[in-house]
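Below is one structure; the comments refer to it alone.
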Amino acid sequence: MPDITHAREPRLLALDQLLARRSVGPLQEPAPQGADLDLILDAGLRAPDHGRLKPWRFVVIRGDAMLAYGEKLAEAATVRDPVNAAALAERYRAWVRRTPMLIAVGAVIKPGNIPEIEQLLAAGAAAMNMLNALHMLGYGGMWVTGPNAYDANVNRLLGFEAPSRLVGFLTAGTPAPSTAPVPARPDRAAHVAEWKAE
Ligand SMILES: Cc1cc2nc3c(=O)[nH]c(=O)nc-3n(C[C@H](O)[C@H](O)[C@H](O)COP(=O)(O)O)c2cc1C
């Protein structure tokens, strides 16, 4: 990242950080822990939430539990997709071995006036806040879903009984050296319009 600390007025430094965020695939140890991890989780808990339902639920998976979690994913794959179970099991085992930490993010859905989608969006906003916090603290991570995020057995394993559900997993760790080019950011004009009265 370019050294922008002297080029911008102080109130824009956080925004510069935000604009520089990108997802990081290859990660290495250390993963955030202690006070850093608390800050990241607290950032998640600052997400907006209609009706103050506090639907956010974060499940941290790390250390030895990562390997055990990989075995559970392998079991879930056997039920979900028996034909490809062996290949999927190997893929998930390899994935947990190279992932320093996971934060599973979901919403505990409460019945009532607040539509389910708004509770899921609140969980999504929490995920985004945590990705930004990871980046701002010098860590890296990426929001991933895939079949496990939609698998009832995996949801249940992590404490999400329908209608409560996962919105995804955040990988978390320290960015590994990478030569992959940084993708260009979207063109603002392609995504923004201004509505005007006729
Ligand atoms: C809800 C959601 C689910 C995602 N699931 C995956 C996934 O399973 N695998 C993947 O490679 N990228 C997934 N992505 C995309 C990456 O997290 C990331 O946003 C993308 O690679 C673009 O990188 P950037 O964040 O640096 O722009 C997902 C993104 C979102 C918002």
Side-chain angles (χ1 to χ4, degrees), residues 1-2 4 14-28 31-32 40 43-44 47-49 55-59 61 66 69-70 72-74 76-77 80-81 84 87-109 115-155 157-158 160 163-192:
M1 203 174 70
I4 38 89
L15 192 54
D16 284 323
Q17 288 276 325
L18 201 88
L19 292 172
R21 186 210 64 84
R22 63 189 186 95
S23 297
V24 180
L27 295 171
Q28 61 189 15
I40 290 161
D49 156 35
W56 322 281
R57 188 163 193 277
F58 314 140
V59 183
I61 310 171
M66 277 294 271
Y69 178 65
K72 294 290 184 188
L73 293 185
R80 192 175 65 228
D81 186 358
N84 298 304
L88 288 171
E90 275 324 295
R91 187 197 295 178
Y92 296 141
R93 286 187 183 113
W95 182 59
V96 298
R97 275 197 301 271
R98 67 173 183 265
T99 304
M101 189 173 91
L102 283 172
I103 305 175
V105 184
V108 174
I109 301 293
E116 179 196 51
I117 188 167
E118 297 190 11
Q119 300 181 50
L120 295 171
L121 286 167
M128 190 66 246
N129 267 8
M130 288 193 281
L131 273 183
N132 282 325
L134 274 165
H135 168 75
M136 288 175 169
L137 290 170
Y139 299 99
M142 184 163 166
W143 186 342
V144 295
T145 48
N148 289 311
Y150 304 104
D151 185 316
N153 287 325
V154 176
N155 272 261
L157 172 75
L158 298 175
F160 298 95
S164 300
R165 57 189 286 193
L166 288 161
V167 299
F169 304 91
L170 304 182
T171 63
T174 296
S178 169
T179 52
V182 178
R185 284 315 189 187
D187 172 17
R188 190 187 312 128
H191 296 268
V192 182

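Computed from a predicted model, the values in this text were never measured in an experiment. Nothing fancy with the numbering, it's 1 onward along the sequence. One-based numbering, in listed order, for ligands and for the atoms of each.
- Nearest heavy-atom pair across Ala149 and Asn155 is O-ND2, 3.0 Å.
- Taking every non-hydrogen atom of Arg22 and a distance limit under 4.0 Å, the qualifying atoms of ligand 1 come out as 26 (O).
- For atom 8 (O) of ligand 1, the nearest protein heavy atom (residue, atom name, distance) is Thr145 N, 2.9 Å.
- At least one N or O atom of Arg185, backbone or side chain, sits closer than 3.5 Å to an N or O atom of ligand 1.
- Protein heavy atom in closest approach to atom 9 (N) of ligand 1: Val144 CG1, 3.9 Å.
- Of all protein heavy atoms, the one lying nearest to atom 26 (O) of ligand 1 is Ser23 N, 2.7 Å.
- In terms of protein heavy atoms, atom 21 (O) of ligand 1 is closest to Met142 CE, 3.8 Å.
- Atoms of ligand 1 found under 4.0 Å from any heavy atom of Gly146, numbered from 1 in the order shown, are 8 (O).
- In terms of protein heavy-atom proximity, atom 17 (O) of ligand 1 is nearest to Trp143 O, 2.6 Å.
- With hydrogens and angles ignored, the 3.5 Å screen pairs no side-chain donor or acceptor of Thr171 with any backbone N or O of Gly141.
- The shortest side-chain heavy-atom distance between Pro32 and Leu134 falls under the 4.5 Å cut-off.
- Taking the six-membered ring where tryptophan is involved, the planes of Phe169 and Trp95 are perpendicular, since the angle between them exceeds 60° and thus also 30°.
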Listing, residues 176-188 side-chain donor-acceptor contacts under 3.5 Å, not counting sequence neighbours, or none:
unit_1, atom_1, unit_2, atom_2, d
Ser178, OG, Ala180, N, 3.1
Arg185, NH2, Arg21, O, 2.6
Asp187, OD1, Ala189, N, 3.2

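- Considering only heavy atoms from C-beta on, Val154 comes within 4.5 Å of Leu158 through its side chain.
- Annotation for ligand 1: atoms under 4.0 Å from non-hydrogen atoms of Arg21 are 24 (P), 25 (O).
- How far CG of Leu18 is from CE of Met136: 5.0 Å, rounded to the nearest 0.5 Å.
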